[in-house]
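Right, one structure below, let's go through it.
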Amino acid sequence: MAEKHVYYFGNGKADGNATMKETLGGKGANLAEMTNIGIPVPAGFTITTDVCVYYNDTNNQYPPGLKDQVEDALKKVEKAMGAKYGCTENPLLVSCRSGARESMPGMMDTVLNIGLNEDTVNALAKQANDERFAWDSYRRFIQMYGDVVMQLPLTSDGEDRFELILEEHREKAGVHYDHELTVDQLKAIVDDYKKVVKDTLGKEFPTDPMEQLWGAIGAVFGSWSNDRAVVYRRQYNIPHEWGTATNVQAMAFGNLGDDCATGVGLTRDCSMGDPGFCGDYLINAQGEDVVAGIRVPKRIETQLEDDMPEAYKQLDDIAKKLEKHYKDVQDIEFTVQRGKVWLLQTRNAKRTGFAAVRIAVDLVEEGLIDEKEAVGNKRRIPADDLNQLLQPIFDPAVKKAAQDEGRHMTTGINAGPGAATGQIVLSAEKAEAMFNEDNDVALMLVRKETSPEDLRGMRVSKGILTAQGGASSHAALVSRQMGKACVVGADELSINYADKTVSAGDKVLKEGDWITIDGFTGEVFEGKIDTSPSEVMRVLEGKMKPEESETYQRYAKLMSWADEHRKLKVRANCEPGDVAEEAVAFGCEGVGLCRTEHMFFDKVEAMRKMILAEDLETRKKAVDEILPHQREDFESLFRTMAGRPVTIRLLDPPLHEFLSDRHLEEEPGLDKKLAEMTGKSVEDIHRRVAELEELNPMLGHRGCRLGVVYPEITAMQARAIFEAACNVKADGIDVHPEVMIPLVGFLSEYRNQEKIVREQADAVFEEKNTNIEYMVGTMIEIPRAALCADEIAQGAEFFSFGTNDLTQTTLGMSRDDYGTFIPYYKENDIVPADPFQTVDQDGVGKLMKIGVEGGRSTRGDLKIGICGEHGGDPASVMFCHTIGLDYVSCSPRRIPIARLAAAQIALTSK
Ligand code: ADP
Ligand code: MG
Ligand code: MG
């Protein structure tokens, strides 16, 4: 571990800078950076993340030398601020703040006003010439330190003891807000606070400033391991090994009177991305007050300039300077002390998918970044977030109707764009329980305000509605990050946790009733409201003109930049019909997987005849009944794809999916019908059905194993494909069929099927007197195929990784059964992610690499793709690029995401 544990910043010079997030955490690195570029920041120092790791590994010990380094740095802070820590004439107060490499808003601890005791509080009062301010600060300090460091337990009713005391005094004084309390009242509260600490914990509240400081430092390091921080890291894939830094910083006071304020701002809106400085502030208040939503904050964009013109100007200049310097939207914390602005934090702001797209495009147009940075930096637009632009919204007409019916309840602040309808649930616990019972339940988490404890409930809800808090409140911040619809600060709502009601005016809803929010406008309606497609979707479907939608235009611009830079092609997993048209609208470059089973299900009677037939002749006749139907489907798909390559997979599922005991049970008389149809006895039918039953169908008679045993199925399918191709070509449309053989493990299996396919092709071309270029290839979806890829490539002209089955067979984990244990695995960090969502790179990924290398060692230009569901997962797409695949194939809705992810990896890897 490094010798230097402490990094000072102050008076325009800092030991660290913005590149040192690993060591200093995001907050510390940016405090240093802001200091270096001349932005006013109260002096302070950062204790490194290494110390946190040491502290947590050694059962709360500090590395040798730390104490001296802290004391030295504290002296420098004293000098910079012209005050002395613990001094009874001119006391310096500090805050002690957590800050990890990646921001984890509100998950860890911070203590303000450290250094106060009976002596320093009086000195502070004299020095500031404001007794009320000094006692307000002291009152806040005991409360924060008592909660965070001393961990004063809640009452048996789950109430915070300090809050109870505060409430009691407010009531006694007949005031609504804390800032209305007098000096004497504050002094009485301080006494009661100290008493409750003594009575509950059996020890005195510490008076020694150095003891206070070290207590706070230890608590901040310890808060890295608290429950909510651990849960948060798991959700956002932040490694537990990182640790947090601790920042000790001179206090700037926002509670010194009406020329003081504290606030949080965004250098532009992060909900929709509109330009302009915005956010929340409170006059005469301290940091936490704004986020906690205790008082309804004022809006920077509409009120600050009138309230404090000087401060507004300073802030606006700082905001511009920061955006220019960081080349991205900043989320800042500031305090105005007697007219002077101090910056306490800056970081790249979290934003919704809408805002991410708008901001990236705007920054390019403003000349701050170039196109490559706009699409290539996955932190600017996480590919998954594009999804938000495709999500349904409320149809204005339907909303108007709801309004006319008198269902509008209130309007709050639009904090997370999106349309959400759900059943009211008033606690995170209940929400989680309901979700665990039924994953499809639509919930709306309705709270006065949210706190980090509510995270689990927010995750399982469709939307979040709060009565308090502004655009930077916890609820707003987290919902933006989760991409959930959210309305905050709907202060006309009255929420009664005890009676389980939510009311506005004369409308009273109960927990379980339906409620609707429009996160674009902030409107709240009672009952359900149906949604309609998003603007982007409407343009793509030709129902709206591109020039009518700015959102679409930005989306299209971004996609064109992505397409310019990506190496991977993106295809669709789709069948003929509407979905195929949608895939084209989303920009697919072909079909990577057309499943054919639905065509058999549509003709299930013929299929059943085939299954029941005992001789080849009858079987062939039955199968041929399906042929015209298949041909028609393929024709339609070829036409829609207009010259793009189309990969068609031959029949894959086990036969009992067409005929099993379940079918006979569910359809009384089916056995008799089948008997009549085939001229067999009912007993024979039942015997044949019993034969088809499999103990482990996933590993049973399916995939190419069907075609090997029943070659007439393969022949029929191949004929349908080639006849369709010839018909479409005859109409002057280009066709590129790629016939894909599923579940191959042996070259001999492949050869067996390939022969049938090619015979049919030759026959059809001869009949039609034409010729079409086509390919035959295979899926790589069982480990043997990957291991023997060099051999299989002697036959196969292309590979497509079927990572759904490859994951099942490599992990020996059935996708239909893993639901019982995988949530537990994730919660206990046994697997980093769901292997069916994100390719297990170490295991399945290794097989894929072997497959690619083997295949290309035999056939240098072998075309290789992926058609498992992983093809639409950004991390997996990036992996596919890295191992040299030619294309990914995914469901149509994921195509834009895959296009962007492919550009991001192409622009960031060598
Ligand atoms: P979080 O990471 O939860 O935002 P912070 O450490 O940023 O925690 O602090 C919480 C609040 O206290 C913020 O509003 C911050 O601006 C304020 N704060 C922290 N340190 C100081 C300080 N030295 N002077 C004034 N306000 C501070
Ligand atoms: Mg902060
Ligand atoms: Mg498969």
Side-chain angles (χ1 to χ4, degrees), residues 9-10 24-31 34-35 40-47 74 77 80-81 83 85 92-116 133 136-137 140-141 143-145 147-148 213 216-217 219-221 223-224 226 228-229 232 244-256 260-266 279-282 284-294 297 315 330-338 340-350 451-452 469-470 472-474 476-478:
F9 54 88
L24 304 180
K27 197 179 284 170
N30 283 326
L31 285 170
M34 286 198 289
T35 303
V41 173
F45 56 87
T46 305
I47 310 176
L74 190 58
V77 177
M81 302 307 291
Y85 189 65
L92 170 73
L93 301 192
V94 297
S95 63
C96 194
R97 321 171 59 191
S98 54
R101 202 188 294 189
E102 275 183 34
S103 96
M104 297 167 47
M107 295 298 131
M108 292 179 296
D109 292 332
T110 282
V111 185
L112 304 183
N113 308 323
I114 306 168
L116 280 173
F133 148 73
D136 177 51
S137 304
R140 289 164 183 274
F141 171 56
Q143 180 162 354
M144 271 187 127
Y145 195 93
D147 277 337
V148 168
L213 180 59
I217 293 172
V220 168
F221 282 142
S223 69
W224 174 257
N226 73 33
R228 51 177 208 249
Y232 186 92
T244 178
T246 297
N247 302 283
V248 176
Q249 186 175 26
M251 286 300 300
F253 296 107
N255 55 338
L256 259 169
C260 300
T262 183
V264 289
L266 296 166
D280 300 338
Y281 70 100
L282 281 176
N284 198 8
Q286 271 198 322
E288 302 278 278
D289 298 359
V290 180
V291 192
I294 298 164
L315 263 175
Q330 299 295 297
D331 172 343
I332 64 172
E333 290 176 5
F334 62 89
T335 285
V336 184
Q337 177 173 342
R338 298 205 161 137
K340 176 170 167 66
V341 172
W342 293 95
L343 263 273
L344 292 160
Q345 189 169 331
T346 192
R347 61 185 168 210
N348 292 337
K350 305 257 195 263
S451 72
S472 305
S473 62
H474 178 266
L477 212 76
V478 175

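Both counts, for ligands and for their atoms, begin at 1 and track the order of listing.
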Would you kindly say whether Asn255 and Ser137 are connected by a side-chain donor-acceptor distance under 3.5 Å?
yes
May I ask you to identify, for [X], whether its side chain, its backbone, both or neither come under 4.0 Å of ligand 1 on a heavy-atom basis?
X	result
Ser103	neither
Val94	neither
Gln345	side chain

Out of all atoms in ligand 1, which are within 4.0 Å of some heavy atom of [X]? Include the element for each.
X	answer
Ala250	22 (C), 23 (N)
Met251	22 (C), 23 (N), 24 (N), 25 (C)
Leu112	12 (O), 18 (N), 19 (C), 20 (N), 21 (C), 27 (C)

If we only count heavy atoms from C-beta on, is the Phe9 to Gln249 side-chain gap below 4.5 Å?
yes
Are Val336 and Cys260 packed together at the side-chain level, in the sense that at least one heavy-atom pair is separated by less than 4.5 angstrom?
no
Do the ring centers of Phe253 and Phe133 come within less than 6.0 Å of each other?
yes
Salt bridge check: are Glu333 and Lys27 linked by an N-O gap of less than 4.0 Å?
no
With the threshold set at 4.0 Å, does a side-chain nitrogen-carboxylate oxygen contact exist between Asp147 and Arg140?
no
Among [options], whose heavy atom sits nearest [atom]?
atom	options	answer
atom 21 (C) of ligand 1	Ser95, Gly44, Ala43	Ser95
atom 9 (O) of ligand 1	Thr110, Val248, Val264, Leu344	Thr110
atom 13 (C) of ligand 1	Met104, Lys27, Glu333, Arg347	Glu333

Please test Asn30 against Gln345 for side chain to side chain donor-acceptor pair (under 3.5 Å), starting from the C-alpha separation and ending with a verdict.
CA-CA 7 Å; Asn30 283 326; Gln345 189 169 331; over 6 Å; no
Can an N, O or S atom be found in Gln345 less than 2.8 Å away from the Mg ion (ligand 2)?
yes
Find, among atoms of Glu333 that are N, O or S, the one nearest to the Mg ion (ligand 2), and state its name.
OE2
